[in-house]
Amino acid sequence: MKMKLHWQILIGLGLGALFGIFSAANGLGSFTRDWVAPFGALFVNLLKLIAMPLVFASLVTGVASLADVSKLSRMGGRTIAIYLLTTLLSITIGIVVVNVFQPGNSLPPEVTADLQASYVQEVEGREGTIEKIRDRGPLQPLVDIVPQNIVSAFGQNIRMLQVVFFALFFGVCLVLAPNEHTRAVKSVIQGVSDVTIKMVDLIMLVAPIGVFALIAGTITAVAGDDVTKALSLLSSLGFYTAVVILGLLLHVILVYSVIVHFFTRFSLKEFFTGIAPAQLLAFSTSSSAATLPVTLECAEENLGVRSEVASFVLPLGATINLDGTALYQAVATVFIAQALGMPLDLVAQLTIVLTALLASIGTAPVPAAGIVMLVIVLESVGVPSSGIALILGVDRILDMVRTATNVTGDAAVAVLINEAEERREAAG
Ligand code: ASP
């Protein structure tokens with residue numbers, strides 16, 4: 001019997017981690033960088049390569065098959081409302097855990113000073129981006145949804161939300177203008193969608209190897225040839241890291257498991273096994289966008305989400321529903337404030353809830369995007385953005401875990417919306 005895909009990926013991940021640690025401990029960092037990591041990059045490139053065509057083709061096909069625009073607006077309204085709600089819950093969980101455990105208060109001042117000194121250059125390197133984010137008005141994310149030029153939107157994976165917008169608009173107009181020509185367009189796009197889905201199948205055949213190389217490469221990038229440095233970083237930021245991961249776990253248990261258990265026909269085991277390949281890939285790539293082709297496939301094939309629902313709910317979720325990121329941004333802000341000895345009152349904590357919601361919506365589904373948008377949250381409560389130096393060292397690990405959470409959240413909502421639509425259709 002052929003081993004299930006998620007086991008294959010998990011084995012790749014475990015072996016990759018062992019290999020990464022072995023190579024860092026034995027000074028083989030540059031070998032891993034030159035000869036192993038590129039296979040991981042190749043695998044991610046393949047996924048990114050098909051993400052845009054897949055999102056466009058499957059979304060247009062999905063919307064066009066609805067044949068009823070009111071259904072789309074109903075589904076859209078509900079999806080967005082649930083996405084906002086789950087994100088607010090995740091931030092609340094984050095705020096609670098960070099206030100209960102107060103990881104920043106137990107960071108010795110000399111470690112704070114050390115971390116700030118060692119990451120000062122990295123923060124300076126990001127200053128340009130930080131400035132740009134600071135200068136954006138509050139409604140800029142809304143303006144950014146509509147691209148000025150669709151070719152350039154297609155050209156950058158971080159612009160996925162713009163492509164989602166265009167695909168929705170295009171799909172709706174395809175429904176509104178039925179004639180022989182538009183029917184031909186629809187059938188061509190349906191064909192493109194079928195082909196890209198086949199591409200996902202083929203790419204996933206090499207997923208275990210890709211994940212092996214990605215994890216080995218990540219460990220090498222973090223630890224280099226010096227495991228002790230990585231370990232000492234982990235020991236000083238271990239408590240903070242654990243608090244973020246605990247918050248993420250609680251969110252998965254309290255929010256997603258409850259959604260799946262009480263509002264869908266799936267058992268938790270069925271849901272988590274069905275979505276496992278996407279979670280593992282999200283963990284390995286730190287990119288919801290690169291994972292999207294696999295999330296779509298898992299939702300449709302393993303969890304029976306209809307294509308018209310999955311192709312709408314999941315790309316939208318990947319771009320606006322980043323619960324893991326929002327939780328992380330809330331915890332990180334309070335942690336930095338604690339470490340810098342700046343108490344945050346209730347108003348400040350409520351401000352964090354609002355700004356983390358907006359910041360997470362504006363975060364692109366790509367690696368390390370969350371820490372850049374964190375600046376918005378920090379600034380909103382007067383914590384200096386240079387404080388990100390304190391947490392940069394462990395950001396990669398947290399990025400992996402929060403991305404897996406982000407993807408799980410999108411899938412849970414996709415299953416929920418799918419069942420709501422099915423019930424509605426059965427009823428009437
Ligand atoms: N890497 C995350 C994602 O792709 C975004 C983040 O940096 O938080 O979902």
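Each ligand, and each atom within it, is numbered from 1 in the order the structure gives.
Asn406 and Thr325 share a side-chain donor-acceptor pair at under 3.5 Å. Counting only N and O atoms by type, the side chains of Asp395 and Tyr328 include a donor and acceptor under 3.5 Å apart. Side-chain contact, Thr87 with Asn321: a donor N or O sits under 3.5 Å from an acceptor N or O. In this structure, a donor-acceptor pair under 3.5 Å is absent between the side chains of Asp345 and Gln349. For Tyr83 and Asp323, the side-chain atoms include no donor-acceptor pair closer than 3.5 Å. Side-chain N/O atoms of Asp34 and Ser30 include no donor and acceptor closer than 3.5 Å.
Between Ile371 and ligand 1, not a single N/O pair is under 3.5 Å apart. Looking at ligand 1, you won't find any N or O of Leu322 less than 3.5 Å from one of its N or O atoms. An N or O contact shorter than 3.5 Å is missing between Thr363 and ligand 1 by distance.
Relative to atom 4 (O) of ligand 1, the option among Ser288, Ala282, Gly409 with the closest non-hydrogen atom is Ser288. Which of Ala364, Ala289, Gly370 comes nearest to atom 6 (C) of ligand 1 through a heavy atom is settled by distance: it is Gly370.
Heavy-atom proximity to Ala369, at under 4.0 Å, picks out these atoms of ligand 1: 7 (O). For ligand 1, the atoms lying closer than 4.0 Å to a non-hydrogen atom of Ser286 are 1 (N), 4 (O). Close contacts of ligand 1 with Thr325, meaning ligand atoms under 4.0 Å from a residue heavy atom, involve 5 (C), 6 (C), 8 (O). Every atom of ligand 1 with a heavy atom of Thr403 under 4.0 Å away is listed here by number and element: 1 (N), 2 (C), 3 (C), 4 (O), 9 (O). Those atoms of ligand 1 with a heavy atom of Ser287 less than 4.0 angstrom away are 4 (O).
For an aromatic pair to be called close, the ring centres must be under 6.0 Å apart, and Phe154 with Phe56 satisfies this.
Residues Phe212 and Val36 form a side-chain contact, since some pair of their non-hydrogen atoms from C-beta on lies under 4.5 Å apart.
Contact annotation: for Val407 versus ligand 1, there are no heavy atoms closer than 4.0 Å. The part of Ala368 lying near ligand 1 is the backbone, judged by heavy-atom distances below 4.0 Å.
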